[in-house]
Amino acid sequence: MSRDSRFDILFEPVKIGPVTARNRFYQVPHCSGMGYRYPNAEAHLRGMKAEGGWAVVSTQEAEIHPTSDLTPANEARLWDDGDLPALSAVTERVHAHGSLAAIQLVHNGLHVANRFSRMIPLAPSHAVSDSLDPVQARAMDKADITDMRRWYRNAALRAKKAGFDIVYLYAGHDMSVLQHFLSRRHNDRSDEYGGSFENRLRLFREILDDVREAIGDTCALAVRLAVDELMGPSGITCEGEGKDIISALGELPDLWDVNLSDWSNDSQTARFSEEGYQEPYIRFVKSVTTKPVVGVGRYTSPDSMVRVVKQGILDFIGAARPSIADPFLPKKIEEGRIDDIRECIGCNICTSGDNTNVPMRCTQNPTVGEEWRKGWHPETIARSEAPEPALIIGGGPAGLEAARALAQRGVDVMLAEGGGEWGGRVARECRLPGLATWGRVRDWRIGQLSTRVNAELYLHSPLSAADILQYGIPHVAIATGASWRTDGVGRTHRMALDFLSEGILVSPDAILSEGAEAVPSDGPVVVFDDDCFYMGSVLAELLARRGRTVTFVTPESQVSPWSRNTLEQARIQKRLIGLGVEIVTAMALAGRTKDQLELSCVYSGRSRPVDCATLVPVTARLPDETLWLELKAREAEWADAGIKTITRLGDCLAPGLIAAAVYSGHQYARTYQEQVDKDRVPFMREDIARLYGLRSG
Ligand code: ADP
Ligand code: SF4
């Protein structure tokens with residue numbers, strides 16, 4: 001197939017100063033959680049994007065000096081020449097596929113605590129570090145400014161040595177000293193680097209000049225700038241200083257990469273934003289510079305991409321998340337395979353990797369982070385040499401991905417779903433407020449399966465142990481999912497709460513299946529959230545929107561604390577407050593009468609009542625493993641029936657994230673005929689000692 005001519009514009013080459021991008025697809029800097037500690041993983045991740053057609057592939061932020069030390073986060077690092085091998089590995093893999101390699105230089109200013117280097121953080125003015133550590137940054141004097149300029153220059157020289165084609169200065173996300181100097185909030189200096197707009201801009205100008213001189217005329221210079229901080233007049237705004245900065249510096253860099261600050265505004269989830277949500281803030285940029293402009297907005301639709309280029313909003317389609325969910329997005333458009341695009345669902349499980357200091361994972365793309373250590377490619381899987389048929393039971397994310405990937409391997413696969421629709425939990429959860437895009441997990445897999453002649457799909461097919469033994473298909477995978485508990489057991493209550501059986505208890509599953517109607521419309525509802533991610537808050541939101549009086553009770557000190565990792569926590573809490581949900585924190589369940597729940601403070605044990613006609617406990621789930629247990633009980637019959645293996649997948653094995661279920665299904669498809677050696681580490685590990693010359697061979 002060849003591409004639709006209406007997408008031709010996306011494949012025009014674009015000059016960025018002295019270098020030329022082969023098309024308009026641009027992987028902007030994004031964290032990966034791999035960074036300097038997992039350099040092979042990082043290099044293979046970036047190389048995969050180049051292979052998939054992204055004309056520019058950038059590193060994440062690269063700390064330029066030990067006074068900028070984000071440990072335990074795991075970003076890129078360019079403290080001295082010792083860091084070059086890891087970064088050269090990135091440029092080599094990116095160049096191998098004909099793409100340009102970019103690096104984002106950063107000094108993090110007051111954003112770091114320097115936990116590893118133990119050096120004092122540096123800032124325009126004395127300030128508390130925004131890391132939550134009891135650490136302060138000190139105000140930089142003139143000698144520090146001279147040092148800072150030299151550090152940027154040295155880092156730029158090293159970046160060039162490592163083979164990068166584009167060197168970035170980063171003034172975004174409130175994480176960079178350049179932004180801190182620009183900001184009236186952070187900069188109250190009275191010398192020529194503070195006060196007036198021109199003074200606050202001075203260090204930025206100087207470092208732009210320094211870096212330009214360092215990289216010479218073969219490397220391009222890019223700026224990543226936050227044009228709006230969504231703080232109104234107390235921050236940078238796109239009508240105010242955001243515009244003034246680009247007007248003042250317009251022609252100095254070779255490219256403007258513009259976005260929102262902080263990171264939670266830039267990488268908003270689909271629950272809180274639509275595709276293209278940054279356009280209102282960045283559309284002015286091309287009117288004040290002739291240089292090419294790149295921006296982001298979770299673009300996954302080629303038509304939207306064409307529109308933003310034609311409307312003169314952007315020259316490059318920037319992407320972090322869409323390039324993670326589908327590293328081959330550009331190639332698929334180029335080859336006219338639009339239906340094959342694995343669209344990002346905007347869930348931010350990827351950001352949770354960086355935020356918890358581990359290599360990122362992705363709900364849609366189970367191969368992310370596994371490119372090097374497991375040798376997984378997002379588009380290809382070796383065909384099975386002697387494929388034996390497989391039966392998959394359960395059409396949720398685990399079962400769908402297992403069937404899809406097995407079919408891709410050339411295996412005859414039968415997928416049986418007991419219910420009347422595909423998608424399992426995804427089908428139910430995507431009906432909740434703000435989660436519609438999650439249905440893409442199902443849609444992409446059903447789309448792919450529908451093109452395979454070796455995949456048979458059956459709805460309305462609840463299978464029993466007897467059915468499975470009778471079919472005698474050699475490999476059976478059970479992906480029957482999980483159900484929410486109603487006994488209160490979770491993190492806080494480790495033993496069942498007998499009093500929960502009194503009064504009206506509605507399980508999350510009832511609401512997921514029947515909607516808000518599962519909850520009686522009269523009387524107050526209590527959502528008790530001990531799960532701490534999205535489900536408690538999204539059920540509270542649904543019920544509040546349907547007119548119920550909702551109290552949200554959590555043993556934690558804020559709503560949905562784990563969603564800090566998906567950058568959503570503040571938005572979730574704000575939304576519940578806006579909907580009139582009463583939020584009760586630091587409380588566990590202690591007892592129940594007909595009309596009230598007794599809560600007890602998790603610190604003091606002091607109790608208080610809360611009116612409650614209906615309780616929705618969101619605590620934990622239990623695997624739906626009846627089928628597995630029945631089969632296990634008849635294990636002696638497997639061989640005679642012709643069954644070689646029966647394996648549990650996804651939530652049926654252990655309830656977890658949708659990303660974990662997809663990963664589980666994918667892993668099964670790659671290894672279903674292999675004997676697992678449980679004593680072996682199932683992936684390669686980075687040998688940092690060898691990389692840094694401490695060990696040879
Ligand atoms: P996961 O996240 O692990 O994929 P889900 O709960 O999303 O799990 O999906 C499990 C699916 O399995 C549900 O759609 C459910 O209807 C289906 N299922 C459960 N038991 C059976 C069975 N005995 N036969 C066929 N399908 C089943
Ligand atoms: Fe998109 Fe979610 Fe994957 Fe991140 S984890 S790239 S938000 S699908």
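Both backbone and side-chain heavy atoms feed into the values below; hydrogens, waters and symmetry mates do not. Numbering of ligands and ligand atoms starts at 1, following listing order.
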Protein residue, atom and distance nearest to atom 23 (N) of ligand 1, heavy-atom basis: L463 O, 3.0 Å
Nearest non-hydrogen protein atom, atom 2 (O) of ligand 1: D651 OD2, 2.7 Å
- request: Using a cut-off of 2.8 Å, find all protein N, O or S atoms closer to atom 2 (Fe) of ligand 2 than that distance.
  value: C347 SG
field: T480 neighbourhood, listing ligand 1 atoms whose heavy-atom distance to it stays under 4.0 Å
entry: 10 (C), 12 (O), 19 (C), 20 (N), 21 (C)
- line: ligand 1 atoms nearer than 4.0 angstrom to some heavy atom of L627 are 23 (N)
task: Around atom 17 (C) of ligand 1, find the nearest protein heavy atom and jot down its residue, atom name and distance.
output: E417 OE1, 3.3 Å
- request: Using a strict 4.0 Å threshold on nitrogen-to-oxygen distance, state whether K332 and E379 make a salt bridge.
  value: yes
- prompt: Going through the checks in order, is the salt bridge (Lys or Arg N to Asp or Glu O under 4.0 Å) test met by R425 and E429?
  reply: CA-CA 6 Å; R425 64 184 286 194; E429 292 182 23; 3.1 Å; yes
Backbone N/O of A407 and side chain of N454: donor-acceptor pair under 3.5 Å: yes
message: Among all protein heavy atoms in this structure, tell me which lies nearest to atom 9 (O) of ligand 1, with the distance rounded to 0.1 Å.
response: G396 CA, 3.4 Å
- line: For atom 6 (O) of ligand 1, the closest protein heavy atom turns out to be G481 CA, 3.2 Å
Residues, nucleotides or ligands: over 12 heavy atoms within 6.0 Å of N357 CG: yes
Close-contact set for ligand 1 against P462 heavy atoms, below 4.0 Å: 24 (N), 25 (C)
query: Hey, which atoms in ligand 1 end up nearer than 4.0 Å to a heavy atom of R425?
result: 2 (O), 5 (P), 7 (O)
query: Starting from atom 25 (C) of ligand 1, which protein heavy atom do you reach first, and at what distance in Å?
result: G418 N, 3.1 Å
- prompt: Looking at F683, does the NZ or CZ of R373 lie under 6.0 angstrom from its six-membered ring centre and within 45 degrees of the ring axis?
  reply: yes
- line: One finds that the ligand 1 atoms under 4.0 Å from a non-hydrogen atom of G650 are 3 (O)
Ion pair check, K331 and E334, cut-off under 4.0 Å: no
- prompt: Of the choices A660, A398, G395, which has the non-hydrogen atom that lies closest to atom 4 (O) of ligand 1?
  reply: A398
query: For ligand 1, which atoms, with element, lie under 4.0 Å from some heavy atom of S461?
result: 24 (N), 25 (C)
field: For atom 10 (C) of ligand 1, the option (of G394, A479, G424) bearing the nearest heavy atom
entry: A479
E371/R93 salt bridge by N-O under 4.0 Å criterion: no
Test item: N74 side-chain N/O and Y36 main-chain N/O as donor-acceptor pair under 3.5 Å: yes
field: Interatomic distance, R298 atom CZ to Q268 atom CD [nearest 0.5 angstrom]
entry: 8.0 Å
- request: Assess the side chains of S563 and E568: does a donor N or O sit below 3.5 Å from an acceptor N or O?
  value: no
- request: Indicate, as side chain, backbone, both or neither, the part of A416 found under 4.0 angstrom from ligand 1 when only non-hydrogen atoms are considered.
  value: backbone
message: Looking at R634 and E630, is there a salt bridge between them, counting it only when a charged N and a carboxylate O are closer than 4.0 Å?
response: no
task: Output yes when the distance from some N or O of ligand 1 to some N or O of I393 is under 3.5 Å, and no in every other case.
output: no
query: Does G650 offer a backbone N or O that forms a donor-acceptor pair with the side chain of S664 under 3.5 Å?
result: yes
task: Decide whether a cation-pi geometry holds between R442 and W422; the criteria are a distance under 6.0 Å from NZ or CZ to the six-membered ring centre and an angle within 45° of the ring axis.
output: no
- prompt: Quick one: are the ring centres of F328 and W54 less than 6.0 Å apart?
  reply: no
message: Using a 4.0 Å cut-off to any heavy atom of P397, which atoms of ligand 1 qualify?
response: 1 (P), 2 (O), 4 (O), 7 (O)
